[in-house]
Number of protein chains: 2
Amino acid sequence: MSEDDIADLERLAAHVELPTRAPLFHAGDLARFVYTVTSGTLRLQRDLSDGRRQVIGFAIPGDFIGLSLDETYRFSADALTAVSLCRFDRKDFTSLSHSRQSLLERLHLAATHELTIAQDHMVVLGRRRAEERVAAFVLRWRERLGRINGRSATVGLPMSRQDMADHLGLTIETVSRTMARWMRDRIILDVPGGIRVLDQQRLAAILPD
Amino acid sequence: MSEDDIADLERLAAHVELPTRAPLFHAGDLARFVYTVTSGTLRLQRDLSDGRRQVIGFAIPGDFIGLSLDETYRFSADALTAVSLCRFDRKDFTSLSHSRQSLLERLHLAATHELTIAQDHMVVLGRRRAEERVAAFVLRWRERLGRINGRSATVGLPMSRQDMADHLGLTIETVSRTMARWMRDRIILDVPGGIRVLDQQRLAAILPD
DNA sequence: CGACTATTTGAGCCTGATCAAGACCGGTGG
DNA sequence: CCACCGGTCTTGATCAGGCTCAAATAGTCG
């Protein structure tokens with residue numbers, strides 16, 4: 001984005017800080033704001049009335065949240081770690097994007113990227129077995145973090161096992177057992193706040209393309 | 001869109017007609033074109049190397065296909081019925097969208113709409129039981145068709161049972177049994193090329209929000 | 001330390017998959 | 001007209017991957 005665009009955005013932006021576990025918004029709330037994540041990790045989820053939960057995804061620095069054009073948010077967003085965000089009033093943001101082509105392009109890029117991720121995840125949810133799902137998650141999460149911090153064998157997992165399970169359409173027990181097995185097999189190593197990938201080869205081999 | 005925009009688009013557009021079963025493009029092909037559907041239904045899918053298949057979705061009139069910004073298509077597209085489309089060269093389309101704000105807005109709208117659908121479908125794939133998945137599909141498909149043709153109790157199903165199964169992460173047998181049960185229970189009626197919804201109430205009641 | 005929550009581990013069960021026939025249906029040609 | 005064929009769909013019987021229920025263990029934060 002150009003200097004001017006950034007300057008214009010700065011004027012509209014409000015900074016928001018959330019502590020761990022704090023909600024940013026709830027599904028169904030009036031969608032007044034859009035956000036970009038500056039630091040930390042958020043969980044995006046949809047809840048069914050009977051308690052079932054689908055974690056749509058996780059937002060990390062660089063991601064937009066709430067850019068759908070609905071009146072209300074379609075999912076809830078909660079901080080998994082301390083989080084800082086830039087908040088924009090949707091009305092301002094929309095009208096700025098009308099005058100600044102480059103901002104709209106950036107938004108559209110973000111949306112299609114999200115869409116690609118969502119479609120990839122459909123394959124995981126629809127056609128992958130349990131172990132493949134967990135492997136897909138670990139590999140992609142590592143990849144995503146790598147794009148921010150640089151690639152590392154150590155993969156931080158700020159989300160709970162329950163969050164992973166609800167993201168992958170599994171139960172917490174299945175996720176736990178799968179990762180326990182990998183630890184016994186020296187494919188991964190348990191480190192505080194995450195895991196270390198010891199054998200990328202074997203992990204990747206779990207996933208047929 | 002404005003008259004001018006439409007005129008500009010017309011100059012770039014080529015018409016494409018596909019017979020039933022014809023492929024439009026294959027996952028991995030160089031993504032030279034974007035398309036909008038004029039008539040008919042297409043199936044969008046991803047294949048795994050071992051034969052498993054995920055049907056990402058179905059495209060009907062008004063939908064864009066291939067608007068992701070990747071070099072190559074991320075899924076294959078095939079005609080389920082005879083199909084007509086408008087084809088645009090991606091390069092032309094992109095540069096036009098740079099000069100015509102309104103086109104980019106339209107694209108962005110389409111992308112976020114697709115994203116919403118994808119996220120809804122994640123909930124279905126991740127957290128719905130078999131009967132709920134089929135119910136969600138029938139209800140949403142009916143809704144989508146209704147927005148084009150006007151609402152009707154008769155719902156055309158141009159896709160095969162296998163396509164439905166691969167869309168819902170189920171087997172053909174499960175889809176078949178589920179719908180057979182609904183027919184016995186007079187919730188739906190078998191009509192050639194589709195079904196007729198006899199009891200919308202009970203069908204909707206299968207799905208907790 | 002102690003209360004609470006998250007995670008791991010074990011045992012048994014159930015939903016939906018798999019395997020296997022058989023029915024249906026449209027097209028084709030004798 | 002109907003026998004045949006290939007594909008799609010239905011139906012039945014059995015199986016198993018992952019879920020449920022239950023309990024022990026490990027973290028975490030006052």
Side-chain angles (χ1 to χ4, degrees), chain A residues 19-22 43 48 50-55 78 80-82 124-138 156-185 188-195 206, chain B residues 19-21 43 48 50-55 78 80-81 124-138 156-185 187-195 206 208:
Chain A
T20 305
R21 248 169 270 273
R43 178 186 60 210
L48 299 185
D50 57 10
R52 283 177 289 177
R53 206 173 63 124
Q54 177 66 34
V55 171
D78 305 89
L80 288 178
T81 63
V124 171
L125 291 172
R127 282 301 180 229
R128 295 287 192 187
R129 350 200 98 272
E131 190 183 33
E132 295 175 321
R133 295 190 198 193
V134 184
F137 174 71
V138 170
L157 296 174
M159 68 292 292
S160 69
R161 293 284 189 267
Q162 186 66 63
D163 292 332
M164 291 177 52
D166 286 340
H167 185 47
L168 297 172
L170 299 171
T171 58
I172 185 175
E173 291 93 332
T174 299
V175 173
S176 183
R177 274 186 253 269
T178 302
M179 297 189 63
R181 183 153 24 85
W182 290 347
M183 290 181 198
R184 278 196 295 281
D185 296 347
I188 61 173
L189 186 69
D190 196 11
V191 299
I195 56 171
I206 291 168
Chain B
T20 304
R21 252 169 265 271
R43 178 186 61 211
L48 299 186
D50 56 9
R52 284 178 288 177
R53 205 172 66 123
Q54 176 66 34
V55 171
D78 306 87
L80 288 178
T81 63
V124 171
L125 291 172
R127 282 298 179 234
R128 294 287 191 187
R129 350 202 97 271
E131 190 183 33
E132 295 175 322
R133 295 190 198 193
V134 183
F137 174 71
V138 170
L157 296 175
M159 67 293 292
S160 69
R161 294 283 189 268
Q162 187 66 63
D163 292 332
M164 291 178 52
D166 286 339
H167 185 46
L168 298 172
L170 299 172
T171 59
I172 185 174
E173 292 94 332
T174 299
V175 172
S176 182
R177 273 187 253 269
T178 302
M179 296 187 63
R181 184 154 20 86
W182 290 347
M183 290 180 198
R184 278 196 294 281
D185 295 349
I187 292 175
I188 61 173
L189 186 69
D190 196 12
V191 300
I195 56 170
I206 290 167

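Everything numeric here is computed off the predicted structure, so don't read it as measured data. A note on names: the letters A, B, ... follow the listed sequences, proteins ahead of strands, and every chain is numbered from 1.
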Non-hydrogen atoms of [X] and [Y] that approach each other most closely:
{"X": "Glu132(A)", "Y": "Ile206(A)", "result": "CG-O, 3.6 Å"}
{"X": "Leu125(A)", "Y": "Gly126(B)", "result": "CD2-CA, 4.1 Å"}
{"X": "Pro208(B)", "Y": "Asp50(A)", "result": "CG-OD2, 4.0 Å"}
{"X": "Thr20(A)", "Y": "Leu80(A)", "result": "CG2-O, 3.4 Å"}

Handout entry: Arg43(B): partners by salt bridge (Lys or Arg N to Asp or Glu O under 4.0 Å), with sequence neighbours left out
Key =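 Arg43(B) satisfies salt bridge (Lys or Arg N to Asp or Glu O under 4.0 Å) with Asp78(B), Asp163(B) only.
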Handout entry: Side chains of Val55(B) and Met159(B) in contact at under 4.5 Å (non-hydrogen atoms)
Key = no
Problem - Side chains of Ile188(A) and Val138(A) in contact at under 4.5 Å (non-hydrogen atoms) - result: no
Return all side-chain donor-acceptor pairs below 3.5 angstrom for residues 174-182 of chain A, not counting sequence neighbours, or 'none' if the list is empty.
{"from": "Thr174(A)", "atom 1": "OG1", "to": "Thr171(A)", "atom 2": "OG1", "distance (Å)": "3.1"}
{"from": "Thr178(A)", "atom 1": "OG1", "to": "Thr174(A)", "atom 2": "O", "distance (Å)": "2.7"}
{"from": "Arg181(A)", "atom 1": "NH1", "to": "Glu131(A)", "atom 2": "OE2", "distance (Å)": "3.1"}
{"from": "Trp182(A)", "atom 1": "NE1", "to": "Glu131(A)", "atom 2": "OE2", "distance (Å)": "2.9"}

Practice task
Let me know, please, whether Arg21(A) or Gly169(A) comes out on the 5' side of the other along DNA chain D by nearest nucleotide.
Solution key: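 Closest to the 5' end, via its nearest nucleotide, is Gly169(A).
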Write down the distance between [atom1] ([X]) and [atom2] ([N]), rounded to a whole number of angstrom.
{"X": "Asp163(A)", "N": "dT5(C)", "atom1": "CG", "atom2": "C1'", "result": "14 Å"}
{"X": "Leu168(A)", "N": "dG17(D)", "atom1": "CG", "atom2": "C1'", "result": "16 Å"}
{"X": "Arg129(B)", "N": "dA17(C)", "atom1": "CZ", "atom2": "P", "result": "12 Å"}
{"X": "Leu80(A)", "N": "dA6(C)", "atom1": "CG", "atom2": "P", "result": "12 Å"}

When you measure from the side chain of [X] to the backbone N and O of [Y], does any donor-acceptor pair fall under 3.5 Å?
{"X": "Arg52(B)", "Y": "Arg127(A)", "answer": "yes"}
{"X": "Asp185(B)", "Y": "Ile187(B)", "answer": "no"}
{"X": "Arg133(B)", "Y": "Arg128(B)", "answer": "yes"}

Between protein and nucleotides 9-12 of chain D, what N or O pairs are separated by less than 3.5 Å?
{"from": "dC9(D)", "atom 1": "OP2", "to": "Arg161(B)", "atom 2": "N", "distance (Å)": "3.3"}
{"from": "dT10(D)", "atom 1": "OP1", "to": "Arg161(B)", "atom 2": "NH2", "distance (Å)": "3.4"}
{"from": "dT10(D)", "atom 1": "OP2", "to": "Arg161(B)", "atom 2": "NE", "distance (Å)": "2.9"}
{"from": "dT10(D)", "atom 1": "OP2", "to": "Ser176(B)", "atom 2": "OG", "distance (Å)": "2.6"}
{"from": "dT10(D)", "atom 1": "O5'", "to": "Ser176(B)", "atom 2": "OG", "distance (Å)": "3.0"}
{"from": "dG12(D)", "atom 1": "N7", "to": "Arg177(B)", "atom 2": "NH1", "distance (Å)": "2.8"}
{"from": "dG12(D)", "atom 1": "O6", "to": "Arg177(B)", "atom 2": "NH2", "distance (Å)": "3.4"}

Under 3.5 Å, N/O pairs linking protein and nucleotides 21-25 of chain C:
none

Exercise for the section: Specify the angle, to 10°, made by the local axes at the two ends of the helix from dC1(C)-dG30(D) to dG30(C)-dC1(D) when five pairs are taken at each end. Expected result: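 Comparing the axis at each end, I get an angle of 40°.
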